[in-house]
Structure formats: structure tokens, C-alpha cells
Protein chains: 2
Amino acid sequence: MDVFAALADPVRRQLLLRLATGPARVVDLAATHDISRPGVSKHLRLLGEAGLVRAERRGRERHYRLEAAALQPVVELVAALRGPGQAGSRSPRFTDQVLAGLDLEVRRTTAERTTRDRGAARPGRDTHHRAEEDSA
Amino acid sequence: MDVFAALADPVRRQLLLRLATGPARVVDLAATHDISRPGVSKHLRLLGEAGLVRAERRGRERHYRLEAAALQPVVELVAALRGPGQAGSRSPRFTDQVLAGLDLEVRRTTAERTTRDRGAARPGRDTHHRAEEDSA
DNA sequence: CGAAATGGTAACCTATTGGTTACCTGTTCG
DNA sequence: CGAACAGGTAACCAATAGGTTACCATTTCG
């Protein structure tokens with residue numbers, strides 16, 4: 001099962017969100033998600049096939065943990081659909097950390113230049129993200 | 001049908017990628033995607049339910065166009081799973097246009113600062129933005 | 001007008017999903 | 001040891017998805 005199909009089920013999305021807060025066992029997941037234990041087991045198997053989850057054996061228990069790197073195809077698709085004309089749509093894309101870094105960097109440096117140039121450096125339009133109503 | 005389920009089908013993803021290059025009619029989509037016309041119609045109806053697509057009547061034709069804004073829940077989920085501790089998952093998110101702008105902006109202004117601080121570095125015309133091989 | 005083109009819907013069929021219960025294996029520990 | 005716990009798998013079942021063909025409505029245009 002590919003990552004898109006894996007994300008299509010609401011129960012699996014809930015499981016992933018739960019795992020985003022830290023590893024968990026099957027019984028824990030079953031207890032908090034109103035589904036039988038074999039049901040959870042099956043979902044975890046599918047998530048494992050999609051690479052979204054990894055199991056770590058510890059004694060008789062099995063600790064499942066999230067593998068966020070497997071979300072890459074989703075990020076790429078979204079990028080391709082959101083910005084068809086310009087930037088990339090191919091290859092890795094930016095992570096949120098990088099985004100935050102860019103944002104900070106731009107705000108700081110544009111502020112510097114604005115102060116230095118006294119208004120000559122196109123002030124306001126910087127990080128105000130919108131662009132959905134593009135070309136038309 | 002929610003947006004996640006809508007993206008689960010490979011044919012629908014192909015249709016969306018096609019629509020990302022511009023509006024298209026049902027017959028056009030059917031011609032290039034090895035599926036019957038009613039099949040395309042059904043997929044488009046589901047995509048419409050998910051808000052990912054909008055139809056515009058023009059005579060007896062119907063032009064379907066992509067609605068990228070409907071991808072928001074996907075972006076939010078990915079953000080929540082990727083960076084539970086750090087960045088966002090809140091608010092609109094960045095578009096590729098903005099990303100390209102940020103990239104350019106940072107490179108230019110950091111080059112300026114470097115030039116200003118250290119003396120002789122590369123001149124500011126580095127507009128060759130790339131950022132593909134980072135993050136992992 | 002009437003034929004052709006666009007495209008939506010209905011009816012139908014098969015494969016897949018998502019859930020269950022029942023059962024089995026392996027591990028811990030009183 | 002043996003009971004209890006963790007968890008995977010098999011068998012089964014109802015519902016849904018995705019595809020098709022057939023049919024219908026609307027619009028264009030010779």
C-alpha cells in the first residue's frame with residue numbers, strides 16, 4: 001500500500017498523529033481508538049508497508065514509531081499541485097524547519113536593509129504568504 | 001469524500017497533475033488517461049466533493065480547474081507529523097511562489113551582508129536558486 | 001430542424017477495504 | 001511450570017471503490 005492510500009483512512013491518520021507524540025504499543029493504540037486490537041494490527045501493517053511506521057521489538061512488546069520521512073511523496077505532490085509554473089515540483093522540497101529559518105532570515109535581513117536604506121528596499125510585501133489567486 | 005481519500009487513487013492524482021497545467025474538459029482528460037469518459041466524470045465528481053476541483057460552464061462544455069487551496073488539510077497533517085515540536089501546522093502555509101521569493105531574497109540579502117561585513121564576496125546577482133539537496 | 005458533440009447518471013460487476021472473532025506464537029513472572 | 005499478557009494471522013463478512021456499458025439531457029451548428 002502506498003503512502004497516499006495509507007493516509008486515506010481516518011483511523012490510520014489518528015494512529016499516526018498519536019505516534020507523532022511518541023512510540024506506542026498495539027494495546028495502547030487499541031485502547032484509545034475504539035477499534036479491536038487485530039484491527040490496529042492490520043492498520044499498523046499497512047502503515048508499515050507504506051514506510052510510515054517502524055516496529056521495534058522490546059521483549060514481548062513491540063514499540064511502533066512514526067517514520068515521517070515516508071511522507072516525502074505527499075510533500076512532493078502538494079508542491080507540484082500548488083506551484084505548477086514556478087519553483088520545483090520535482091525533488092525533495094523544503095522542510096518546515098527550513099521554512100521557519102527562511103522566514104526569520106528574510107524578516108531580519110529585510111529589516112536591516114530597510115533601516116539602512118530608509119525605504120528604498122521594497123518594504124511590506126515580504127513574507128505575507130498568499131498566492132492562491134495567481135495568474136488568472 | 002474528503003481530500004485524503006480523493007488523493008488515494010493514482011488516477012485522480014494524475015488528473016490533478018494534469019489540471020495543474022491548466023483547465024481541461026472531461027473528454028480531454030479521458031483521451032490522455034486511458035479511462036472511459038464516465039470514469040473520468042466520476043473521478044471529477046469525487047474531486048469536486050473534496051473541493052480539489054471546480055467546474056466552469058462554457059456552453060456545452062465544462063472546464064475543470066484545480067483548486068489547490070483544498071490541499072490545506074494535507075499540508076496541515078504533514079506538518080503535524082513532520083514537526084510535532086518545532087515549526088507550524090498552523091495557518092495557511094507557504095506557496096511555491098513564496099518559497100522561490102524567500103529563497104532569492106535570502107540569498108541576495110545574505111550576500112549583501114556578507115559583502116558588507118567581510119568585504120569582498122560574490123556579487124549579489126546569484127539568482128540561481130536551488131535548495132534541492134538539503135534537508136534529506 | 002436534426003445530427004453530432006459534451007458530459008452527467010444509472011445499473012451493474014468484481015476486487016478491495018475495514019472490521020470482526022478465533023486461534024496461535026512468544027515472553028514474562030508468581 | 002503454567003497463567004497471563006502482547007501481538008500477529010487466518011477466516012469470514014458487509015460495504016465501498018472503481019470500472020464498464022447504456023441511456024439521457026443540453027448545446028452547437030450544417
For residues 34-53 of chain B, which side-chain donor-acceptor pairs fall under 3.5 Å, sequence neighbours excluded?
residue	atom	partner	partner atom	Å
B:S36	OG	B:G39	N	3.3
B:H43	ND1	B:R12	NH1	3.1
B:E49	OE1	B:M1	N	2.9

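Separating the CD atom in B:E76 from the CG atom in B:L71 is a distance of 11.5 Å, to the nearest 0.5 Å. Between A:T32 atom OG1 and A:R18 atom CZ the span is 4.5 Å, to the nearest 0.5 Å. Residue A:L15 holds its CG atom at 11.0 Å from OH of A:Y64, rounded to the nearest 0.5 Å. Note that the CG atom of B:L7 and the CG atom of A:L7 stand 9.0 Å from one another [nearest 0.5 Å]. To the nearest 0.5 Å, the span separating CG on B:L19 from CG on A:L81 amounts to 9.0 Å.
Here the P atom of nucleotide D:dG18 and the CZ atom of A:F4 are 15 Å apart, to the nearest Å. One can place CD of A:E56 at 16 Å from C1' of D:dA6, the figure rounded to the nearest angstrom. Residue B:R62 contributes atom CZ, which lies 9 Å from atom P of D:dT27 at whole-angstrom precision.
Applying the salt bridge (charged side-chain N to carboxylate O under 4.0 Å, His left out) definition to pairs two or more places apart or across chains, those involving residues 21-33 of chain A are A:R25-A:D28, A:R25-A:E61.
Listed by chain and residue number, nothing satisfies the salt bridge (Lys or Arg N to Asp or Glu O under 4.0 Å) test with A:R62 (two or more places apart in sequence, or in another chain). A:R58 meets the side chain to side chain contact (heavy atoms under 4.5 Å, CB included) test with A:E56, A:H63; sequence neighbours excluded. Residues passing the side-chain hydrogen bond (donor to acceptor under 3.5 Å, both in side chains) test with A:D2, sequence neighbours excluded: none. For B:P73, the side chain to side chain contact (heavy atoms under 4.5 Å, CB included) partners two or more places apart in sequence, or in a different chain, are B:V3, B:F4. Looking at residues two or more places apart in sequence or on another chain, you find a salt bridge (Lys or Arg N to Asp or Glu O under 4.0 Å) between A:R54 and A:E67.
A heavy atom lying under 4.0 Å from DNA chain C marks the following residues of residues 35-45 of chain B, by number: B:R37, B:P38, B:S41, B:R45. Near-neighbour residues of DNA chain C inside residues 22-33 of chain B, defined by a heavy atom below 4.0 Å, number-ordered: B:R25, B:V26, B:V27.
Under a 4.5 Å side-chain heavy-atom criterion applied to ILVMFWY residues, the cluster that includes A:V27 comprises that residue alone.
Taking side-chain N and O atoms only, A:Y64 has no distance below 4.0 Å to OP1 or OP2 of D:dA6.
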What pairs of nitrogen or oxygen atoms, one from the protein and one from nucleotides 24-27 of chain C, lie under 3.5 Å apart?
residue	atom	partner	partner atom	Å
C:dT27	O3'	A:R60	N	3.4

Would you list the protein and nucleotides 15-17 of chain D atom pairs, both N or O, that sit under 3.5 Å from each other?
none

